[in-house]
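Written out below as structure tokens is the structure these notes cover.
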Amino acid sequence: MNVQTDAQDFEELDSVCVRFAGDSGDGMQLTGNQFSVVTALEGSDFATFPDFPAEIRAPVGTTFGVSAFQINFGSVEISTAGDEPDVLVAMNPAALKVSLSGLRKGGLIVVDEGSFNERNLHKAGYSENPLENDSLSDFQVQKLDITKMTLEAVKETGLGKKDALRCKNMWTLGLVLWMFGRPRKPITDWLEQKFVKIPDVALANICALNAGHAYGETAEVSSNLHRYIVRKHTEEETGEYSTINGNQALAWGLVAGSELAEIDIMLGTYPITPASALLHTLSGLKEFGVMTFQAEDEIAAVCGAIGASFAGKLGITSSSGPGIALKTEAIGLAISTELPLVIVDVQRAGPSTGLPTKTEQSDLYQAVWGRNGDAPIVVLAASTPQDCFKVGIEAVRLAIKYMTPVMLLSDGYIGNASEPWKIPDINTFEKFPVQYCTDPKGFYPFKRDPKTLARVWAKPGTPELLHRIGGIEKDYDTGHISYDADNHQKMSNVRAAKIAGIANDIAKQTVELGNAGGKIAVVGWGSTRGSIHQAVRRARKEGIDASHVHIGNIWPLPPNLEEILNSFDKVIIAEMNMGQMNVLLRSQYLLDAYSLTKVTGQPFKISEILDCIRQQVGADK
Amino acid sequence: MNVQTDAQDFEELDSVCVRFAGDSGDGMQLTGNQFSVVTALEGSDFATFPDFPAEIRAPVGTTFGVSAFQINFGSVEISTAGDEPDVLVAMNPAALKVSLSGLRKGGLIVVDEGSFNERNLHKAGYSENPLENDSLSDFQVQKLDITKMTLEAVKETGLGKKDALRCKNMWTLGLVLWMFGRPRKPITDWLEQKFVKIPDVALANICALNAGHAYGETAEVSSNLHRYIVRKHTEEETGEYSTINGNQALAWGLVAGSELAEIDIMLGTYPITPASALLHTLSGLKEFGVMTFQAEDEIAAVCGAIGASFAGKLGITSSSGPGIALKTEAIGLAISTELPLVIVDVQRAGPSTGLPTKTEQSDLYQAVWGRNGDAPIVVLAASTPQDCFKVGIEAVRLAIKYMTPVMLLSDGYIGNASEPWKIPDINTFEKFPVQYCTDPKGFYPFKRDPKTLARVWAKPGTPELLHRIGGIEKDYDTGHISYDADNHQKMSNVRAAKIAGIANDIAKQTVELGNAGGKIAVVGWGSTRGSIHQAVRRARKEGIDASHVHIGNIWPLPPNLEEILNSFDKVIIAEMNMGQMNVLLRSQYLLDAYSLTKVTGQPFKISEILDCIRQQVGADK
Amino acid sequence: MNKQPLSFKDFETDQEVRWCPGCGDYAILKAVQMTLANIGSTPENTVFVSGIGCSSRFPYYVETYGFHTIHGRAPAVATGVKLANPKLDVWLVTGDGDGLSIGGNHMLHVLRRNVNMQIMLFNNEIYGLTKGQYSPTSKQGTKSPSTPFGSVDLPLNPCSFAIGAGARFVARGIDTALKALPHTLERARDHIGASFIEIYQNCIVYNDKTFEHFTLKKQAANTQIHVEHGQAMIFGTDKDKGLHFDKENFALEVVIIGENGITEADILIHDETNKLMAQMLVELTAPDFPVVCGVIYCNPTQSYDDAVHEQMNKAKKGKKPDFNALLRQGRTWTVE
Amino acid sequence: MNKQPLSFKDFETDQEVRWCPGCGDYAILKAVQMTLANIGSTPENTVFVSGIGCSSRFPYYVETYGFHTIHGRAPAVATGVKLANPKLDVWLVTGDGDGLSIGGNHMLHVLRRNVNMQIMLFNNEIYGLTKGQYSPTSKQGTKSPSTPFGSVDLPLNPCSFAIGAGARFVARGIDTALKALPHTLERARDHIGASFIEIYQNCIVYNDKTFEHFTLKKQAANTQIHVEHGQAMIFGTDKDKGLHFDKENFALEVVIIGENGITEADILIHDETNKLMAQMLVELTAPDFPVVCGVIYCNPTQSYDDAVHEQMNKAKKGKKPDFNALLRQGRTWTVE
Ligand SMILES: Cc1ncc(C[n+]2csc(CCOP(=O)(O)OP(=O)(O)O)c2C)c(N)n1
Ligand SMILES: Cc1ncc(C[n+]2csc(CCOP(=O)(O)OP(=O)(O)O)c2C)c(N)n1
Ligand code: SF4
Ligand code: SF4
Ligand SMILES: [Mg+2]
Ligand SMILES: [Mg+2]
């Protein structure tokens with residue numbers, strides 16, 4: 001297949017953001033994913049974000065049934081899925097309606113005119129056809145009867161109308177591939193493989209794809225359709241790459257940790273959006289010694305994991321906010337018995353059931369402080385899809401080395417977002433093999449390593465190390481139940497000291513971008529990384545002495561963080577909650593920062609952070 | 001009955017602290033309680049603290065079976081149960097062993113020599129009889145064969161030996177009454193009434209009581225037994241008084257709140273130490289419209305309460321740390337649906353099961369921050385047994401007025417401790433009758449009072465106000481489910497603003513003792529009040545410009561608190577945890593205070609706080 | 001006031017119904033709305049309480065009071081509602097995950113306590129809302145996103161569980177049985193105490209056709225039996241099959257009337273007050289046996305809410321609650 | 001290595017036992033220690049898991065591995081232990097509050113899943129540790145600190161519940177039955193899967209003598225029946241009473257051999273594999289019926305842990321796990 005590469009036709013772009021939006025049944029996720037694959041294969045950098053509807057299958061044509069997929073790609077470094085799409089592909093009125101507010105003024109809208117019938121307009125809540133009044137005058141609109149053209153394109157394959165209409169997304173994809181001068185072959189290969197058992201479906205899809213592409217080629221010059229070129233991202237390191245989303249990376253990171261620790265993992269969990277993906281991935285990895293246990297509820301899930309840790313495996317449990325809340329009491333048991341445990345919280349918008357499919361970073365308080373008693377644990381946060389892999393390994397390392405629960409915070413955004421990933425080689429990672437206690441000499445169950453303060457791990461099945469543990473306070477020296485006053489103080493102190501001491505065994509805080517000290521720092525944690533990064537980059541381009549500090553070790557905090565923060569005239573803390581990290585840093589460092597918050601279920605826009613930087617720097621003058 | 005009041009015999013004391021300690025079966029709680037009653041009737045001020053063993057009925061004679069009761073009483077204001085007992089009554093070797101370390105040097109020990117046999121010594125872990133070596137040389141020891149003397153005293157009543165031995169505590173009480181010149185009549189009256197159906201038991205107890213008293217009268221002059229006089233506390237306001245402990249006061253406070261609000265309460269709860277007493281008391285108050293529901297677990301308990309609130313009653317739920325942890329998710333539902341709910345946390349030592357019978361203040365983080373999502377609630381803390389009554393009322397008032405969960409923190413210490421209480425007159429309290437919405441005009445379920453920001457309360461059964469609520473985000477204007485981005489921000493803001501606004505509807509922060517500004521303030525919250533109060537009083541006597549600030553409104557904090565705290569050169573925050581209030585105040589006011597903490601399961605000693613004041617003032621020079 | 005009798009349409013809300021097209025929940029919604037109309041419910045005295053799941057969105061679609069609570073906790077919330085105001089007619093909607101997985105304990109105790117409400121468990125043998133993981137009622141071997149190699153758990157029989165928990169009313173229905181279901185629901189409403197109704201509900205997206213082997217209309221007569229108290233348990237297109245108790249094996253068997261000397265007299269008569277019989281009937285599975293629907297067990301006793309209020313009233317009787325007197329009970333003294 | 005066989009004393013720990021003098025827990029502890037010795041347990045491969053309650057202190061007193069967890073969660077923790085290492089012999093100790101109130105859901109699911117462990121539920125019909133509140137098994141009318149006017153709840157029958165939950169082994173014992181109990185416990189250990197044993201345990205402090213009407217030694221022959229598979233269910237001091245199935249009433253009745261023409265042949269033979277029979281037997285209460293003890297139901301099937309490991313092994317079989325290959329699955333591209 002020959003790709004038209006005559007550069008003359010093409011307008012060159014550094015980066016562009018495209019949003020595919022349609023009904024849940026329109027296959028927009030698939031379209032977006034395939035477009036990402038081609039983008040990846042062509043070597044551009046990119047970031048994607050799927051935007052699912054809350055309903056499983058909302059009635060066709062409704063606004064709440066809209067499913068969208070956004071991709072931001074470029075020859076430059078890309079770290080967010082884009083503030084405002086430049087191109088919107090809208091397959092029906094509802095998709096148009098829902099996506100319009102985010103679109104860049106002057107951007108291009110490609111709509112399937114064929115779906116703008118009265119019924120669909122009504123369902124979307126339009127009283128007038130927006131294609132026929134001037135409501136879209138801020139944009140370039142390209143109306144196409146994709147429905148009709150698709151039906152024509154696949155007519156020859158003899159597919160029924162219902163199945164034929166299913167190919168609309170491929171027609172659209174063909175057109176978009178044409179727009180960006182991307183090859184069709186990876187898609188046709190994939191279609192042939194996917195539908196190997198139903199060749200007429202494969203054929204129909206390919207016909208539609210080709211027809212969409214052909215439409216671009218033959219479109220009238222007067223149309224709004226133009227061609228763009230987005231080149232390779234040349235700063236990319238050499239090596240083998242794939243596309244990865246956060247949930248996948250996290251699953252693999254945990255397994256990588258288990259490989260490095262030479263221990264099997266047992267995931268005790270209960271399905272919940274957006275954390276279920278972890279279960280789905282890990283349940284398929286049995287050959288790596290990964291056991292998954294779908295428990296009756298979150299409490300049983302964490303308790304099963306604790307039981308597994310007691311028995312000598314590494315217990316892991318995962319959930320989202322409401323489920324983590326349920327685990328609170330049991331996490332206290334793991335703290336008190338000092339068993340290793342990894343708790344993954346893929347955060348979503350709260351409080352309560354909140355907005356299950358929307359993202360938020362509002363479980364920080366719960367992670368750091370949300371338990372009865374003085375109950376410190378380790379808290380880590382992943383900041384990008386690929387960072388999930390590394391943080392997964394780190395969580396396993398700390399849990400085992402320090403015999404402690406580790407809370408790992410991800411969120412709905414990075415869980416589902418994807419980006420190119422330079423695939424690592426597991427053999428280049430340092431191993432940290434688990435050490436069980438087997439020596440009866442001087443054994444008692446709460447005997448501690450004087451350096452790490454971690455207690456020994458003696459697993460059932462080991463002769464002569466019989467012992468009993470539980471959630472009641474234990475004697476510092478024997479590990480037996482103890483109601484002694486001073487002993488409780490001693491044990492409370494050692495539990496706190498053990499966790500505090502981990503500060504010396506974690507990566508030092510770095511400055512992501514900009515100088516280590518200066519006018520202003522934007523501090524973030526978790527999935528805000530991309531937006532902050534780009535905002536700071538732009539601010540620096542504008543000549544503002546801004547830096548980006550991104551915190552991955554939430555508890556304990558890196559010891560050098562305080563000094564770094566104090567070296568800036570001003571600090572903005574940007575987070576997707578009502579100011580939780582701000583409160584944490586105030587309490588630790590008496591830091592008087594500006595708290596930039598957002599809880600709309602959607603990631604920060606770069607511009608929102610950039611505006612804040614400008615304003616704060618201005619206000620400073 | 002004539003009481004010997006020849007003042008010549010008596011040494012006058014401002015205050016004295018007596019500890020009764022014995023085996024669980026020795027009736028020490030009863031003895032202590034009866035002594036308190038007499039103390040109360042005689043008009044001294046006092047504070048008591050029962051110290052129960054963790055076991056239901058530990059084997060007789062063991063150290064972990066020791067049950068003790070401490071009373072501190074005086075003609076001066078008393079606000080703690082005493083740092084170090086002046087007098088220890090020890091009924092067996094285990095009781096002596098356990099209580100010794102707390103005793104004032106030079107204090108008096110009265111022991112039942114008759115119980116110091118080999119078996120009991122062994123059980124208590126003594127290899128030598130401490131009465132026969134010099135291990136008690138720091139104290140005055142009065143050995144008495146109480147066992148034998150009791151048996152003799154009740155011989156005539158014909159009681160069997162086992163029953164006869166049960167009277168030992170009355171013999172002891174008789175002696176102690178003699179020591180402090182207290183009348184026996186209230187006790188004999190009470191015995192006659194209690195054992196009205198078994199008159200020989202009543203008689204035996206009275207014989208024992210009289211014998212103990214007579215022993216004092218006739219004791220040799222060479223003995224260590226002296227008589228003391230502790231006069232009336234004359235600063236006491238006039239009025240009718242009773243003795244009250246925190247759990248009782250809290251139960252009554254909640255009922256008082258329900259009376260003032262003209263609403264029935266429904267307590268959904270699950271037994272747990274030390275919170276069960278609330279259930280026990282409220283389950284007996286059905287005639288006040290109080291319904292109690294012992295649920296299958298804490299989750300059902302809080303959910304039952306939420307259901308009751310939805311249906312128009314006031315739902316209350318109570319527990320201790322581990323149980324509160326289980327309620328976390330459901331509390332989020334009450335926050336999201338904006339239903340009134342009172343959550344009582346009678347704190348105990350954690351983490352996990354911890355030390356169920358020991359006190360701690362370590363659930364502050366959990367109360368303020370321990371939930372998924374941005375989920376603010378009101379947090380109040382009671383500081384003395386009688387304060388529980390007032391705070392109970394306030395919790396009801398705020399929950400209803402603001403349609404919000406209110407967390408009320410008490411703890412094992414104030415729950416069980418008792419003190420004299422000037423019984424209030426319910427008619428002098430301002431009523432705050434609940435207002436249900438009944439008007440269909442312009443009704444929607446999340447319609448808010450513009451001033452309080454509370455939503456309307458429309459209860460099922462009301463015609464034309466049919467509506468549905470739930471934990472998913474709701475539209476600001478209609479109350480229907482909403483996945484809208486900006487709406488979630490708006491709702492998050494209004495939830496936060498509603499709680500923050502309560503700061504203007506609560507009592508202003510006062511300075512308990514000392515000047516509003518100056519050299520040093522000791523800040524406390526909850527049950528540390530008594531110790532801090534006394535410590536500050538003593539410091540002031542020593543000429544230190546110290547003040548006591550006690551926080552009852554934990555969230556939101558009183559608006560004038562910041563100013564008060566800033567007006568001191570130095571602030572000590574004293575609390576029975578690892579520094580949780582310190583972190584809260586740092587985060588809110590960037591306050592750099594000294595954190596004085598203690599987690600031994602036992603209240604602060606006055607001297608510990610006083611030492612800290614001295615040291616901090618010294619360090620300041 | 002003389003009101004028009006309400007029709008099922010009066011129980012529809014203005015909310016857009018958000019289930020997948022073809023979901024069995026639609027039919028159940030209709031059946032419930034019809035039932036409410038049939039029994040003359042007053043909307044303002046009716047409350048629907050649910051947990052979380054596709055099924056648990058139900059309250060939004062019924063024009064009464066409603067509470068969409070949190071996952072698994074509906075029975076506890078509903079208990080609170082009923083205790084607070086026993087005049088309310090409380091309906092509980094839950095799923096196999098909501099009611100039997102995370103909510104199993106509350107289900108157990110609401111049944112044991114016998115709180116007066118109707119409990120509709122929509123059993124689709126799958127977690128719908130979270131996109132198709134297997135549930136505690138999924139058949140062994142179910143392939144799902146969380147069990148890619150097939151589930152290995154033994155499934156729970158919801159009605160067996162309910163009886164074991166002490167339920168006094170146990171019934172079964174099928175989503176599409178628009179005639180039978182309202183009848184069963186009416187019986188449930190009439191029963192004072194906790195009424196447990198398992199409703200087989202087809203999840204067209206994640207577990208389509210799991211019940212087809214006995215719900216298919218054309219075979220229904222041979223694969224289902226709708227029991228009626230006092231009636232012989234006869235079924236089949238030709239009304240020639242029946243359930244017979246085989247004393248030797250101490251178990252039920254299907255017999256054919258007219259074969260091997262079997263007459264109608266050999267067919268077991270359904271006694272809905274007999275727990276043992278109910279335990280036997282709920283265990284029958286197709287294709288060897290007909291699936292038993294209708295009211296399988298109904299053996300009323302005082303409901304919990306009744307008993308609680310009776311006790312409250314007894315305690316109140318003849319007493320004038322005097323709060324000041326309460327505070328002054330026990331020993332007091334006066335400072336002058 | 002040739003080891004001495006262990007005696008029950010070898011299963012005692014150095015911890016002081018902290019139950020009230022006279023508590024039924026002591027006898028059960030002894031019975032368990034005897035059982036462990038009898039079956040030749042190796043202490044290091046044995047794990048006792050418990051929740052919270054007086055009963056749940058049990059693990060501290062058995063010289064094996066032990067985990068005293070949190071209230072109600074022991075079945076979940078024990079499931080994790082067993083899944084992680086199926087070679088361990090897992091024993092679960094729980095109370096009527098721990099296992100049936102707060103822990104009811106985990107109990108339900110450990111039984112449903114059939115995880116291989118022995119579950120001993122010490123039923124004293126009260127909350128011992130928290131000082132005497134009524135529990136879900138307390139008789140109606142129980143006066144307790146939380147029910148000063150008497151409880152109104154209907155109590156749960158633990159064995160009925162267990163069968164309804166899908167348990168494949170259900171047995172009953174009595175704390176003081178030092179001969180019968182170890183035998184029953186041995187059977188439970190032999191059963192592969194979840195074995196549920198309800199043990200009537202006297203709480204001398206808060207609920208003394210609740211079981212006296214059928215546990216008193218001198219009347220035991222008439223008030224208890226210890227069933228054995230394949231044996232006629234005959235009891236009584238004179239071995240003249242028996243259980244007979246009354247087909248008319250579809251219920252059991254007590255008959256006297258020799259009266260009204262009843263012979264031994266009329267007495268029902270115990271079939272421990274018959275669920276229906278088990279359901280019937282566990283419901284019998286004194287004084288009208290004997291209380292049924294021993295192994296009431298035993299109908300094994302593959303255990304959950306077995307099935308999980310079988311599936312794990314199958315998935316592993318013939319595969320050499322290559323983590324680097326895993327990361328490279330799907331579409332990749334190379335930047336040069
Ligand atoms: C505490 C908590 N855990 C998990 C979830 C996620 N969740 C929502 S519904 C559901 C299961 C739904 O299954 P079912 O009850 O059978 O209802 P269905 O959707 O099949 O009708 C789960 C696991 C949640 N919302 N809250
Ligand atoms: C989460 C939690 N809730 C409540 C408690 C208090 N608690 C401890 S044991 C117990 C009940 C004990 O009853 P049971 O299980 O019957 O044991 P028993 O003491 O009778 O042997 C309760 C309510 C707790 N420890 N943790
Ligand atoms: S996922 Fe299944 S149960 Fe849920 S709405 Fe769709 S069809 Fe119905
Ligand atoms: S309270 Fe009851 S169950 Fe608990 S140890 Fe004492 S006698 Fe045994
Ligand atoms: Mg379901
Ligand atoms: Mg019990």
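Because the structure is predicted, anything quoted here is derived from the model rather than measured. We name chains A, B, ... by the order of the sequence lines, and we start the count at 1 in each one.
In this structure, the portion of His71(D) lying under 4.5 Å from any heavy atom of chain B is its side chain and not its backbone. Neither the backbone nor the side chain of Ala300(B) comes within contact range of chain D; no heavy atom of the residue lies under 4.5 Å from a heavy atom of that chain. Interface remark: Pro136(D) contributes no atoms to any contact with chain B (heavy atom separation under 4.5 Å). Contacts of Leu100(D) with chain B are absent, with no heavy-atom separation under 4.5 Å from either backbone or side chain. Contacts of Tyr134(D) with chain B are made by both backbone and side-chain atoms, with heavy-atom separations under 4.5 Å. Proximity to chain D (any heavy atom under 4.5 Å) is restricted, for Leu326(B), to the side chain, taken from C-beta onward. If you measure heavy-atom distances from Cys23(D) to chain B, you find no contacts under 4.5 Å at all. Contact annotation for Ser24(B): neither backbone nor side-chain heavy atoms come within less than 4.5 Å of a heavy atom of chain D.
With ring centers used as reference points, Phe67(D) lies 6.0 Å or more from Phe48(D). Aromatic ring centres of Tyr304(D) and His109(D): separated by at least 6.0 Å.
Residues Glu198(D) and Asn123(D) bring a donor and an acceptor atom of their side chains to less than 3.5 Å of each other. Using modelled atom types, one finds a donor on one side chain and an acceptor on the other under 3.5 Å when comparing Ser146(D) with Ser144(D). Between the side chains of Gln201(D) and Asn124(D), at least one donor N or O lies within less than 3.5 Å of an accepting N or O. Arg73(D) and His106(D) share a side-chain donor-acceptor pair at under 3.5 Å. Checking Ser101(D) against Tyr127(D) by side-chain atom types alone, a donor-acceptor pair falls below 3.5 Å.
Below 30°, between 30° and 60°, or above 60°: for Phe49(B) and Tyr413(B) the angle between ring planes is between 30° and 60°, a tilted geometry. A tilted orientation is assigned to the rings of Phe58(D) and Trp19(D), their planes being inclined by 30° to 60°.
Using a 4.5 Å heavy-atom cut-off against chain B, no residue of residues 151-177 of chain D qualifies as contacting.
Atom NE2 of His122(B) is surrounded by 12 or fewer heavy atoms from other residues, nucleotides or ligands within 6.0 Å.
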